[in-house]
Protein chains: 2
Amino acid sequence: MGYGLKGYGDCSEEVIRACPVEMALHMIGGKWKGIIIDILSEKSVRFNELRRLIPGISQRMLTLQLRELEADGIVKRVVDDTVPPKVEYFLTEQGNKLSSIIDSIRVWGKEFLS
Amino acid sequence: MGYGLKGYGDCSEEVIRACPVEMALHMIGGKWKGIIIDILSEKSVRFNELRRLIPGISQRMLTLQLRELEADGIVKRVVDDTVPPKVEYFLTEQGNKLSSIIDSIRVWGKEFLS
DNA sequence: CCGGATCCGTTGGGATACTG
DNA sequence: CAGTATCCCAACGGATCCGG
């Protein structure tokens, strides 16, 4: 048995090394998760602000991806119970560490494209 | 217009920073690509050897993922034209650089799981 | 030994409309 | 403002069988 995050497959003995990799890729592999983490690494952002910062994303997908990131402990969601509602998103400690990896991925990607 | 790898979406102005990230994640986001790159980072491996090293993967998926990695320039495929056939896979220069990122992802993942 | 071809279920993600 | 709810399609990935 391995970690078992959200029903993710077990880790057999031989691939135990790769499991954390698969898990991590699974957590940041969503179509918009990279840029969401990237934006949140700079500052906490509100829902519609995030929407404006990510052209092309639908309300539905933004909600879904944020919920998954939240469930995985990468993003924190803070609701200010006022009218109009105010919901702010920011990275957790783990999310911040992830963002530095996103950075190195971007460095690699840029070099790859050049 | 952005890079345009395999019909991947365009990069608008505001998300130009995130595009290399999306591209990279798209290239390593396959279910088995992480572990394949991981294994190849140590040594070049033959097809069936790779199969044995990745319990649970089907022949079809191994072929597909290798083909994609090859098309993306991460993996090289060398055919020794003999009987029985011998096909060896190894990382390209870009693939090697990627494997160090995989390493840091694993470090993060391990810490996340602990 | 190293695949290709086919079928098919599951999931990811887009479009649109509605709500407290 | 910050979401839900539906519908729908395409891509992903597993199982199985066939071939050089």
Side-chain angles (χ1 to χ4, degrees), chain A residues 5-10 12 15 18 22-23 25-36 39-40 44-72 75-90, chain B residues 5-10 12 15 18 22-23 25-36 39-40 44-72 75-90:
Chain A
L5 182 74
K6 284 197 309 181
Y8 203 66
D10 290 344
S12 71
V15 288
E22 292 185 42
M23 179 207 62
L25 287 178
H26 184 256
M27 286 194 291
I28 64 180
K31 181 170 180 183
W32 308 95
K33 289 183 182 177
I35 186 169
I36 290 176
I39 291 175
L40 292 182
S44 66
V45 180
R46 298 179 58 176
F47 186 84
N48 275 354
E49 199 179 350
L50 212 39
R51 244 190 107 188
R52 281 189 300 272
L53 290 172
I54 309 177
I57 196 171
S58 67
Q59 241 171 4
R60 170 187 137 91
M61 282 314 298
L62 181 52
T63 301
L64 285 181
Q65 303 270 290
L66 283 171
R67 289 289 183 279
E68 288 183 23
L69 289 172
E70 192 190 357
D72 289 337
V75 156
K76 254 289 186 186
R77 177 171 177 267
V78 172
V79 182
D80 194 357
D81 204 0
T82 58
V83 178
K86 175 179 175 179
V87 179
E88 201 131 48
Y89 293 91
F90 57 92
Chain B
L5 181 73
K6 284 198 309 180
Y8 203 66
D10 292 344
S12 72
V15 288
E22 293 186 42
M23 179 207 62
L25 286 178
H26 184 256
M27 286 193 292
I28 64 179
K31 180 170 180 184
W32 308 95
K33 290 184 183 177
I35 185 171
I36 290 176
I39 292 174
L40 291 183
S44 64
V45 180
R46 298 181 58 177
F47 186 85
N48 274 355
E49 199 179 351
L50 212 39
R51 247 191 103 186
R52 282 188 300 270
L53 290 172
I54 310 176
I57 196 171
S58 66
Q59 245 174 3
R60 170 188 138 90
M61 284 311 300
L62 181 53
T63 301
L64 286 181
Q65 303 269 292
L66 283 171
R67 288 291 181 277
E68 287 182 24
L69 289 172
E70 192 189 359
D72 289 337
V75 156
K76 256 288 188 187
R77 177 170 177 268
V78 171
V79 182
D80 195 356
D81 204 0
T82 58
V83 178
K86 175 181 176 181
V87 180
E88 202 131 45
Y89 294 91
F90 57 92

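Naming convention: chains lettered A, B, ... in sequence-line order (proteins, then strands); numbering from 1 in each chain. Since the structure is predicted, the reported quantities are computational estimates derived from the model, not experimental observations. Computation of the quantities below employed the complete heavy-atom set of this structure, encompassing side-chain atoms and omitting hydrogens, waters and symmetry-equivalent molecules.
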In whole angstrom, give the distance that lies between atom [atom1] of [X] and atom [atom2] of [N].
| X | N | atom1 | atom2 | value |
| --- | --- | --- | --- | --- |
| L62(B) | dG14(D) | CG | P | 12 Å |
| D80(B) | dC1(C) | CG | P | 14 Å |
| H26(A) | dG13(D) | NE2 | C1' | 13 Å |
| L66(B) | dG13(D) | CG | C1' | 15 Å |
| R77(B) | dC2(C) | CZ | P | 10 Å |
| R51(B) | dC2(C) | CZ | C1' | 10 Å |
| F47(B) | dC2(C) | CZ | C1' | 6 Å |
| E68(B) | dG3(C) | CD | C1' | 16 Å |

Next on the checklist: Let's test your reading of the model: under 3.5 Å, does the base of dG13(C) pair with the side chain of R60(A) as donor and acceptor?
Outcome noted: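 Checked by distance alone, the answer is yes.
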Of the candidate nucleotides [options], which contains the atom at the shortest distance from the side chain of [X]?
| X | options | result |
| --- | --- | --- |
| Q59(B) | dA17(C), dG13(C), dG4(C) | dG4(C) |
| V87(B) | dG3(C), dG3(D), dG13(C) | dG3(C) |
| M61(B) | dC1(D), dG20(D), dG13(D) | dG13(D) |

Checklist entry - With a 4.0 Å cut-off on heavy atoms, is T63(B) in touch with a base, just the backbone sugar-phosphate, or nothing at all? => result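 Contact class for T63(B): sugar-phosphate only.
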Checklist entry - Roughly how far apart are K31(A) NZ and Q65(A) CD, rounded to 0.5 Å? => result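 Reported to 0.5 Å precision, the distance equals 9.5 Å.
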Item to check | N or O in side chain of Y89(B) less than 4.0 angstrom from dG3(C) OP1/OP2 | outcome: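 Yes, Y89(B) has a side-chain N/O under 4.0 Å of OP1/OP2 on dG3(C).
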Checklist entry - Within the pair R67(A) and dG3(D), is there a side-chain N or O less than 4.0 Å away from OP1 or OP2? => result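 For dG3(D), OP1 or OP2 has a side-chain N or O of R67(A) closer than 4.0 Å.
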Item to check | Earlier contact from the 5' end, DNA chain C, for Q65(A) and R46(B) | outcome: R46(B)
